[in-house]
Asks: 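Could you have a look at this structure, given as structure tokens, before my questions?
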There are 2 protein chains.
Amino acid sequence: MKKVKRTTIYDIAAKLGITASSVSRALNNSSQVNEKTRELIIKTADELNYKRNTLASNLRKGHSKTIGVVVPRINQNFFSNVIAGIEETTYQKGYNLIICQSGEVHDKEIQCVNTLINQHVDCIVISVSADSYDYQHLQNVLDHGIQLIQFDRVAEELETLKVINDNEQASFEAVAHMIDNGYKRIALLEGPQNLNIFRQRKNGYLRALADRKVPIIDELIIENAWTKELGANATRKLLNLPEPPDAIFASTSDFSALGVLEVANAMNIKVPSELGICGYSNEAFTQITSPSITTIDQFSVYMGNTIGNLFFQEVANSDVAVKPKIISIKPELITRGSTAKKS
Amino acid sequence: MKKVKRTTIYDIAAKLGITASSVSRALNNSSQVNEKTRELIIKTADELNYKRNTLASNLRKGHSKTIGVVVPRINQNFFSNVIAGIEETTYQKGYNLIICQSGEVHDKEIQCVNTLINQHVDCIVISVSADSYDYQHLQNVLDHGIQLIQFDRVAEELETLKVINDNEQASFEAVAHMIDNGYKRIALLEGPQNLNIFRQRKNGYLRALADRKVPIIDELIIENAWTKELGANATRKLLNLPEPPDAIFASTSDFSALGVLEVANAMNIKVPSELGICGYSNEAFTQITSPSITTIDQFSVYMGNTIGNLFFQEVANSDVAVKPKIISIKPELITRGSTAKKS
DNA sequence: ATATTTTACGCAATCGATTGCAATTTTCAT
DNA sequence: ATGAAAATTGCAATCGATTGCGTAAAATAT
């Protein structure tokens with residue numbers, strides 16, 4: 001691109017025969033500049049199509065008015081909703097978002113975080129990748145005096161600001177609901193247990209069974225059935241058991257639940273009468289399958305808003321050291337056709 | 001957050017009794033530094049947990065290694081995919097993405113663009129909002145010497161880099177396919193005609209009718225049936241016509257097509273035998289409805305990659321003025337159950 | 001050993017905006 | 001009209017990294 005010399009406050013100052021100081025003050029609504037000269041300055045700034053150089057301004061001011069966001073995948077429904085929510089609340093306060101995706105890879109996540117530190121972002125918002133094993137890089141963020149807000153998938157041992165869903169309770173309610181609807185052998189498709197969210201969902205499942213005095217059967221708990229394909233595989237395995245389950249809680253995702261449904265259909269097993277299904281996330285498609293799929297809504301956009309607000313709240317009293325705080329959002333069980341054993 | 005004095009190249013220089021110049025050069029792999037001192041510098045930089053201040057660096061260098069992206073909604077499938085695609089290809093070259101959403105509002109779009117200009121981004125990637133009526137703000141981007149890449153929804157009159165889908169051809173193929181499958185009265189749900197993409201889709205529809213010698217019937221063309229609800233409304237109206245259509249091409253989106261399907265089901269009209277349906281975008285849910293919905297895949301992630309590559313290609317020969325260039329990606333018709341009138 | 005290149009490093013200006021302090025001008029009270 | 005207070009504006013340093021130019025030191029040639 002051809003190089004264009006952009007107009008600076010010096011250009012404006014020169015044209016008016018004053019100093020850059022005044023121009024800067026005028027443009028920043030400082031009270032120590034005469035109203036007439038301010039108007040003049042603003043007018044010429046406009047004429048010259050002046051645009052403030054945020055880089056220079058931020059360098060001088062020592063912050064960037066920028067928030068870095070690191071998620072496994074931008075184009076995953078939950079995350080894109082959270083990001084949209086963050087953008088909503090931060091944009092109106094003049095903050096910008098720099099987005100990176102870790103692709104679920106630990107090393108890339110570290111790279112992303114370092115890039116953001118270099119960029120002097122004021123805050124890093126992160127949901128850790130599935131294969132993250134240590135959190136040195138997050139500690140490093142804190143050491144650089146940068147706000148750190150973890151959400152959804154969090155490193156629990158790290159004392160930071162966190163915005164999470166109450167996965168345990170949501171799972172409890174989902175499983176309790178299935179039991180109350182008459183299902184007796186409920187299988188669990190679980191996700192990678194190094195992620196807190198999947199541990200919590202499993203705990204909710206176990207607690208519901210215990211609470212309703214339903215025995216825990218190990219062979220009904222399938223590890224790592226994360227995607228639609230893995231969910232389908234797990235389902236085939238489960239339904240071919242001597243004593244197959246009469247319900248499956250796909251705690252990993254709705255995609256997994258969809259895999260379950262498709263296998264059930266293929267095997268000609270009636271849903272919900274012979275097999276109950278519950279997913280997780282309230283993806284758009286869950287309400288248009290037949291039967292529609294019971295699932296759990298995470299209020300993802302709202303979660304994003306919450307993250308944004310939390311940031312501003314903490315920035316406000318920024319002189320004191322931030323004390324770790326956890327905001328837990330209660331997800332909602334959406335009961336639909338797939339778990340309606342008894343009407 | 002407590003203020004942390006971050007280590008600078010001066011700190012490193014001071015500790016080693018040399019100048020910042022050498023530190024800078026060492027850290028930038030300049031050949032004019034002794035190999036031993038370079039190692040020493042890198043070692044101490046590491047010890048002091050030094051992170052380059054990108055703001056300062058960029059200010060000096062006159063660019064930001066940052067690309068701004070403006071889309072109507074981040075959490076809309078198509079856009080989040082494109083963004084993911086852009087991130088994929090730009091991240092590995094050390095570029096960061098600043099994301100803004102216009103929310104389909106012209107004024108917000110202008111604000112976003114201005115913010116990005118202030119940020120000194122090296123490029124702005126944009127898909128204009130539905131209610132954009134003039135493009136002064138985009139011209140302004142060019143005037144500031146910033147690369148501008150429009151994608152999908154573009155202002156045609158502006159001569160910039162563009163990455164688009166061949167909507168006309170895709171629509172042509174979709175409608176031709178329906179005609180060839182035996183549908184005779186094909187309705188069109190069209191989107192806001194100020195957006196090029198919807199104009200093109202309409203043109204494809206018209207061309208297919210002409211090509212197959214099917215008469216154009218005005219009352220079968222419904223304006224602004226963009227969402228699921230609007231699609232449903234339009235469908236009710238269409239199906240209550242004295243001579244109702246036997247197929248509906250929801251050129252606006254798959255959501256609209258879903259609205260069509262639901263109304264048809266509610267009115268007990270058989271799809272595809274009594275009514276054919278075709279959507280647009282290949283949303284995930286289209287393959288799990290019953291019947292599954294014929295639609296058009298836009299290769300959105302690939303589109304993002306293309307945008308990224310285009311940027312680098314143009315940055316490479318950056319001294320010459322960029323000449324406008326249009327890259328057109330051919331979408332693919334995905335034929336499914338909803339248009340299978342004749343087997 | 002001396003002259004000539006190379007190599008390595010320092011000096012100081014620069015990118016553009018901000019801001020504490022000083023200097024000047026204006027305003028106002030007496 | 002005069003001194004003091006208040007309002008404006010200017011000066012110059014600063015944020016942290018980069019880089020052209022100059023010089024000292026080391027390497028090589030004669």
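Keep in mind the model is a prediction, meaning the values are calculated, not measured. Values reported hereafter were calculated over all heavy atoms of this structure, with side chains retained and with hydrogens, waters and symmetry mates removed. Each chain gets a letter, A, B and so on, in the order the sequences are listed, and its residues count up from 1.
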Asks: What distance separates E88(B) CD from I74(A) CD1, expressed to the nearest 0.5 Å?
Replies: 9.0 Å
Asks: Assign the ring pair F78(B) / F151(B) to parallel, tilted or perpendicular, where the plane angle (0 to 90°) is split at 30° and 60°.
Replies: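 Because their plane-to-plane angle lies in the 30° to 60° range, the rings of F78(B) and F151(B) count as tilted.
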Asks: Show, in sequence, the C-alpha distance, side-chain angles and deciding distance for Q101(A) and Y91(B), and conclude whether the side chain to side chain donor-acceptor pair (under 3.5 Å) test is met.
Replies: CA-CA 9 Å; Q101(A) 43 188 355; Y91(B) 180 84; over 6 Å; no
Asks: Considering only heavy atoms of chain B and a distance under 4.0 Å, specify the first and last nucleotide of DNA chain D in 5' to 3' order that meet this criterion.
Replies: dG16(D) to dG20(D)
Asks: What orientation do H106(A) and Y133(A) show, parallel under 30°, tilted 30 to 60°, or perpendicular over 60°?
Replies: tilted
Asks: If you round to the nearest 0.5 Å, how far is NZ of K51(A) from NE2 of H120(B)?
Replies: 10.5 Å
Asks: Q119(A) and side chain to side chain donor-acceptor pair (under 3.5 Å): which partner among T54(B), N96(B), N53(B)?
Replies: N96(B)
Asks: Over how many whole Å does the gap from E35(B) atom CD to dC9(C) atom C1' extend?
Replies: 15 Å
Asks: With side chains defined as the heavy atoms from C-beta onward, is the minimum distance between N28(B) and R52(B) less than 4.5 Å?
Replies: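 Yes, at least one pair of side-chain atoms sits under 4.5 Å.
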Asks: Does E35(A) form a salt bridge (charged side-chain N to carboxylate O under 4.0 Å, His left out) with R38(A)? I'd like the steps, not just the answer.
Replies: CA-CA 5 Å; E35(A) 201 46 48; R38(A) 178 201 306 289; 3.4 Å; yes
Asks: Taking S64(B)'s backbone N and O only, do any of them form a donor-acceptor pair with N58(B)'s side chain (distance below 3.5 Å, no angle check)?
Replies: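 At least one qualifying donor-acceptor pair exists.
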Asks: Once you apply a heavy-atom cut-off of 4.0 Å, does N58(B) come out as touching a base, just sugar-phosphate, or nothing?
Replies: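 Here N58(B) touches no strand at all.
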Asks: Does the side chain of V23(A) come within less than 4.5 Å of L27(A)'s, by heavy atoms?
Replies: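 Side chain of L27(A) against side chain of V23(A), heavy atoms only: contact under 4.5 Å found.
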Asks: Could you list, one pair per line, each protein nitrogen or oxygen that sits under 3.5 Å from a nitrogen or oxygen of nucleotides 22-27 of chain C, together with the distance?
Replies:
none

Asks: When we call it a touch if two heavy atoms are under 4.0 Å apart, what does S30(A) touch: a base, just sugar-phosphate, or nothing?
Replies: nothing
Asks: Between S24(A) (side chain only) and A20(A) (backbone N and O only), is there a donor and an acceptor less than 3.5 Å apart?
Replies: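 Absent.
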Asks: L40(B) CG to dA8(C) C1': how many Å, rounded?
Replies: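 Going from CG in L40(B) over to C1' in dA8(C) covers 14 Å.
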Asks: Could you tell me whether T54(B) contacts a base, only the sugar-phosphate backbone, or nothing, with contacts defined as non-hydrogen atoms closer than 4.0 Å?
Replies: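 No contact.
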Asks: So which of residues 6-27 of chain B are in contact with DNA chain D, with a heavy-atom cut-off of under 4.0 Å?
Replies: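 Output list: T8(B), I9(B), Y10(B), S21(B), S24(B), R25(B).
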